[in-house]
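Inspection log for the structure reproduced underneath, given as structure tokens.
Just follow the structure's listing: the first ligand is 1, and inside any ligand the first atom is 1.
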Amino acid sequence: MSYDSNNIFARILRGEIPCRKVDEDAHTLSFHDINPLAPTHVLVVPKGEYRDVTDFADRASDAEIAALFRAAARVAKAQGVEGAGYRVLANCGADAHQEVPHLHLHVFGGRPLGAMLKRAK
Ligand code: 5GP
């Protein structure tokens, strides 16, 4: 599947749509989710055009991959959730309900987050 350069995060990265930025470096931009599911809900986005984890693992440089995880940890620390604990999550594709087809890590925290998934019956 090809990358759709009109997705909402590509437009945020190009500065066409505003965001509430919390962190930026050469390879990543992090901003508050518009519809937060926890007191801390930040999206950590690579600046390169990658659709999901598979695409990122296939094509990104080692520096880009390292930068994404370092940004997630930096965001957790800056948001004050590192001590109590936090969750980093990436939805990939239809079964995971990925809405925006540009790779992003969700960083959730600020309250007990519950079980990771509901157990299937
Ligand atoms: P996904 O389901 O793709 O893993 O998550 C997409 C996330 O992007 C959702 O949590 C949604 O609230 C967030 N989102 C969608 N549109 C925008 C937007 O325009 N700005 C920001 N900051 N977040 C957005």
Quick one: list whatever passes salt bridge (Lys or Arg N to Asp or Glu O under 4.0 Å) with Lys21, sequence neighbours left out. Glu24
Please tell me whether Leu29 and Ile8 are part of a single hydrophobic cluster in this structure, the criterion being side-chain heavy atoms less than 4.5 Å apart. yes
By the salt bridge (Lys or Arg N to Asp or Glu O under 4.0 Å) test, which pairs, at least two apart or in different chains, include something from residues 86-103? none
Search all heavy atoms of Phe56 against all heavy atoms of Pro46 and return the closest pair with its distance. CE1-CB, 4.0 Å
Less than 4.0 Å from some atom of ligand 1, heavy atoms are found in residues Ile8, Phe9, Ile12, Phe31, His32, Asp33, Ile34, Asn35, His41, Leu43, Asn91, His97, Gln98, Glu99, Val100, His104, His106
Listed by chain and number, what are the salt bridge (Lys or Arg N to Asp or Glu O under 4.0 Å) partners of Arg70, not counting sequence neighbours? none
Between Asp4 and Arg51, is there a side-chain N and carboxylate O pair less than 4.0 Å apart? no
